[in-house]
**Q** 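Dumping the structure here so I can ask a few things about it.
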Amino acid sequence: MKELVQLFPAVLASDPPPSMPSIDSGGTAWMLMSSALVLIMVPGLALFYAGMVRKKNVLTTMMQSFVAMCVIGLQWVLIGYCLSFGKSVGGFIGFEWRLVGLHGVDWRAMVEGKGVPELVFVMFQGKFAIITPALIAGAVAERMKFSSYIVFIVLWTTLVYCPLAHWVWNPDGWLFKLGVLDFAGGTVVHISAGFSALVLALLIGRRRDYLPGVGGEGFAILPHNLTMTLLGAGLLWFGWFGFNAGSAVAVEFPVAGLSAGLAFATTQTAAAAAGLTWLVIEWRHQGKPTTLGLASGIVAGLVAITPGAGHVLPWSAVIIGVLASVVCYLGVRLKVRAGYDDSLDAFGVHGIGGLLGALLTGVFCVANTSNPGLVDGGWKQLALQCVGAGVGVLFSMLATLIIAAAIKAVMGLRVTDEQERVGLDTAVHGEHGYHMDVVS
Amino acid sequence: MKMIIAIIRPERLEPVQIELRKVLDENDTYRLTVQPVHGHGAQRGEVEYIRGQAVRPRLIPKLQLTIAVNDAYVQPAVDAIITGARTGGVGDGKVFVLPLDDVIRIRTGDRGGAAI
C-alpha cells in the first residue's frame, strides 16, 4: 500500500469523498443480491397463484403480481420509502422532503449505522412493498376489476403498508420502540396482507361458480396447472433467502453476517419441516400425498418463520414449521365452514401463518432480542408480540375496509357477471393464456 | 355401413385397440378416430383434493372413438370394443351404432363401402 501511495499519490489523495462513513462491502453485496432475490418472488408468486386458477384467468392472475412490480416499484420511489423510512413524525409516519421522489438523495449517501448505501436500502425495502399487496390478490382472484386493483394497491401500500413498515421497522416507529420483533415482515407483510385479504374477499363476494362444500364435497373450481404452482413455490423458497437472510443487513448491524446465517438456516429448516408436515397431514387425512399440499406447506412454513428468522434457532424453526402447517391446514379449511371465498388462501396461509409466526417469535426468540423468549422463561416478549400482531391485524383490517369500501362506491370492485363467466383474460386483457386450439 | 361411436374410459384405449386389431380386416386394418371428451352419466367423478378439501369434478374425462365399418364388421367391432373396454364398474361407457349413408375418400373420390 505504501508503495502504491508513493507511485500514485495524486490518484489516492484526490478521491475519497469527505467524511464518507465506511461501507460494509459484504453487507452491501448481500443486500444487492437479496433485493434481486426478493424481486424474483413476485414472478414466483404469479406462477404459484396462476396455477391454481382456471385457465381462462391465468393471465389476469399473473398480471396482478407483475403489475405490482411496476406500480409499486414507482410508488416506492415517489413516496413509499419516504413515508416508511423518512424522519419519524411522532413515531406514526415518516416524512423527509429530500426523500420525495428521492430527489434529494445523494447517490453516495449511506444509511446511518448499517454500512450500506441508502439507495441499496431503498431498493431492498421496495421489493417488500411490491410483493405484499400482490399477496392480497390471491383472495380476490378471478373476479376483481383490474383498474380497481391498481387503485387499491396504490392506496393500500401508501395508507396501510407504509405506516405499518414505519411503526415496526423504523428505529423511531412506536412499535419498534416498544420492542416488537419482526425480523423480515411477519406483521408488516404477512399479517397485513393476509388480514386485508380477508376483508377484501368478504367485501367483493364469492366467485360466481364457487359453491362451498356440502357434506364434505367442495366446489368444482379446479386448479388448471399445478406444475406452475410448484415452480412458483420453488421460486418463492429460493427468493425467501433474500427476504429473510437479506433482512439481517436491514435490521442488525454490525453482526449482520451472523444474523444472516441464522436467518438462512431457520428459513430453510422451517420450510422443509412445514412442507413435510402438510404432506403427512394430507396423506393421513385424505389418503393421498398431494403436490399442492406440499407446496402450500412450504409457503406456510416460510411465512411463519419470517418474523423470527433472525431471532430463533434452527431447532425452534422445526417446531415453528410443523405448527405452521398444522394451523394453516385448519385455516384453509375454515373458509368452507364459514362460506367466504378466499380463493387462493391469502388469508388462510399468510394471515394465519403470519400471526402464528409473530406470536411464536415471542416464544422462541434467543438472538438479537433484549427480552428473553418464553423458552427462557420470559413473558414480556410474547406480550409485546401479541401487541404488535394485534395492532397489525386491527389496523390493516380497518384501513382496508375503508379503502375497499371507498373504491367499491366510486368504481366498483368486481368485473361484470358476463366478464367473469367468459374469463378475465379475454374479457379484460383481450388475450388468451394458451393458444393450443385446433390451428396453431 | 354403420358408424360406431363408443365412449370409453381413457385407460381402456389400448385394450380396445388390441381387440379391434384382431377382428377388423387385415387389408382394411382399422380406421379409428379418437377424441378426448368430457361428460357425466351414472358414474360420479373421481374426488380430487385441493388443499385438503375434497372436490368432485362435475365432468368426467372420457375418450370417444368413432369407427365407420361395413355391415359384416359391425358385430365383431362392437364385441371387440366391449371386450376391451369392460371393467365391470360404473362408468365403463357406451357404444352407439348409427346408420351411415355414404363415405367418400377425399384422395381418390371413391364412394361407399370401398372407401371405408
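Every value quoted in this text rests on a predicted model; they were computed, and no experiment measured them. Naming: A, B, ... by sequence-line order, numbering from 1 per chain.
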**Q** Does a donor on one side chain sit under 3.5 Å from an acceptor on the other, for A/T290 and A/E282?
**A** yes
**Q** Which pairs of donor and acceptor atoms, one on a side chain in residues 108-116 of chain B, lie under 3.5 Å apart (sequence neighbours left out)?
**A**
residue	atom	partner	partner atom	Å
B/T108	OG1	B/D110	N	3.2
B/T108	OG1	B/D110	OD1	3.4
B/T108	OG1	B/D110	OD2	3.1
B/D110	OD2	B/R105	NH1	3.4
B/R111	NE	B/D102	OD2	3.1
B/R111	NH2	B/D102	OD2	2.9

**Q** Any heavy-atom pair between the side chains of A/L236 and A/M41 that's under 4.5 Å?
**A** yes
**Q** Please assess A/R207 against A/E142 for the test salt bridge (Lys or Arg N to Asp or Glu O under 4.0 Å), listing each intermediate value before the final yes or no.
**A** CA-CA 7 Å; A/R207 287 168 288 180; A/E142 304 194 287; 2.4 Å; yes
**Q** Most heavy-atom pairs under 4.5 angstrom with chain B, which of A/S296, A/G293, A/A295?
**A** A/S296
**Q** Angle between ring planes, A/W240 versus A/F243, binned at 30° and 60°: parallel, tilted or perpendicular?
**A** tilted
**Q** May I ask you to say whether B/R9 pairs ionically with B/D92, meaning some side-chain N is under 4.0 Å from a carboxylate O?
**A** yes
**Q** Can you check whether anything in residues 348-360 of chain A gets within less than 4.5 Å of chain B, heavy-atom wise, and list it by number?
**A** none
